[in-house]
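Have a look at the structure below before the remarks.
Quick note: residue numbers are just sequence positions, from 1.
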Amino acid sequence: MPVQRLNHVVLYVRNARSTADFYRDVLGFRVINEFGGGAAIFMQAPDSTNDHDLGLFEIGAGAGPSPAGGGGAVGMYHIAWEVDTLAELDRIRGLLADRGALVGASDHGTTKALYAHDPDGLEFEVSWLLPADRITDADRSAGAGRPLPLDLVREQTRFGADLPGGVGVSHRAPANA
């Protein structure tokens, strides 16, 4: 049986509690379990049915930055979280900007994405996926090259602020294609 979806991510962080506060305040995650006086914190995304979606393991204030991508070091570039609507993506954009955590916003054609850094500088993406039945050839080709700047006002005008996104299916061709 092939892999179906990502179940959870575990991050090594300097301070688990402050990182948990960040993910709670910005993405709405909730703490579901703690161990070792908060040295390990497990969190769940809103409406998730997973046991946990994010694990935070504290390794201390003296920990250096992740070397991933720098100086030819391997490692994970970022993780991506999906939201249901463009209105939610816009709301999170404001929260990230207010915290100084927003580092980019891209239109990948079928995916509208924000990029941010958490308190330890680890990058994550928050994205909205076009519903499969709304994807055009122009959307498919827009994601083939260099990403375009994200214009959330234009996208909300085009699709509506509250249209449910593709929720992991935008890469599939519409049934009538």
Side-chain angles (χ1 to χ4, degrees), residues 2-31 33-46 48 50 52-83 88-130 140-152 155 165-166 168 170-171:
V3 170
Q4 299 295 307
R5 67 193 52 82
L6 179 67
N7 181 267
H8 68 271
V9 173
V10 178
L11 305 175
Y12 288 113
V13 299
R14 290 180 186 91
N15 183 303
R17 189 147 330 272
S18 67
T19 302
D21 290 347
F22 174 85
Y23 282 101
R24 179 199 64 220
D25 295 346
V26 173
L27 298 182
F29 281 64
R30 61 188 167 276
V31 172
N33 216 338
E34 292 186 31
F35 298 97
I41 298 177
F42 296 89
M43 304 185 80
Q44 190 179 56
S48 173
N50 289 338
H52 67 282
D53 297 288
L54 181 62
L56 304 171
F57 290 4
E58 185 171 310
I59 58 174
S66 171
V74 297
M76 186 170 37
Y77 173 35
H78 69 260
I79 56 176
W81 307 105
E82 263 181 59
V83 295
E88 183 64 8
L89 189 66
D90 196 24
R91 185 186 73 78
I92 290 172
R93 183 205 52 75
L95 293 170
L96 291 169
D98 288 348
R99 288 181 165 260
L102 185 65
V103 297
S106 297
D107 183 343
H108 298 279
T110 61
T111 303
K112 313 307 175 186
L114 305 173
Y115 296 90
H117 287 154
D118 77 4
D120 288 290
L122 299 174
E123 189 163 322
F124 64 95
E125 174 183 342
V126 181
S127 59
W128 180 80
L129 285 66
L130 268 69
R140 283 188 191 90
S141 63
R146 185 181 181 113
L148 302 171
L150 178 60
D151 182 340
L152 275 171
E155 298 305 323
S170 72
H171 63 282

Return yes if some donor-acceptor pair links the side-chain N/O of [X] with the main-chain N/O of [Y] below 3.5 Å, else return no.
X     : Y     : value
Glu58 : Ala16 : yes
Ser18 : Asn15 : yes
Asn50 : Asp53 : no

Tell me, with the steps shown, if Leu11 and Leu54 meet side chain to side chain contact (heavy atoms under 4.5 Å, CB included). CA-CA 8 Å; Leu11 305 175; Leu54 181 62; 3.9 Å; yes
Worked verdict on Phe22 versus Arg99 for side chain to side chain contact (heavy atoms under 4.5 Å, CB included): CA-CA 9 Å; Phe22 174 85; Arg99 288 181 165 260; 3.7 Å; yes
Between [atom1] on residue [X] and [atom2] on residue [Y], distance to nearest 0.5 Å:
X     : Y      : atom1 : atom2 : result
Phe29 : Arg24  : CZ    : CZ    : 13.0 Å
Leu96 : His117 : CG    : NE2   : 11.5 Å
Thr19 : Asp118 : OG1   : CG    : 5.5 Å

Which of Phe42, Phe35, Tyr23 passes ring-ring contact (aromatic ring centres under 6.0 Å, His included) with His52? Answer is Phe42
List the residues meeting side chain to side chain donor-acceptor pair (under 3.5 Å) with His8, not counting sequence neighbours, and say none if there are none. none
Residue pair [X] / [Y]: nearest heavy atoms and the distance that separates them:
X      : Y      : answer
Leu122 : Ser66  : CD2-CB, 4.0 Å
Glu125 : Thr111 : OE2-CG2, 4.1 Å
Pro147 : His108 : CG-CE1, 3.5 Å
Pro46  : Gly28  : CG-O, 3.3 Å
Asp25  : Leu95  : O-CD1, 3.8 Å
Leu114 : Leu102 : CB-CD1, 4.1 Å

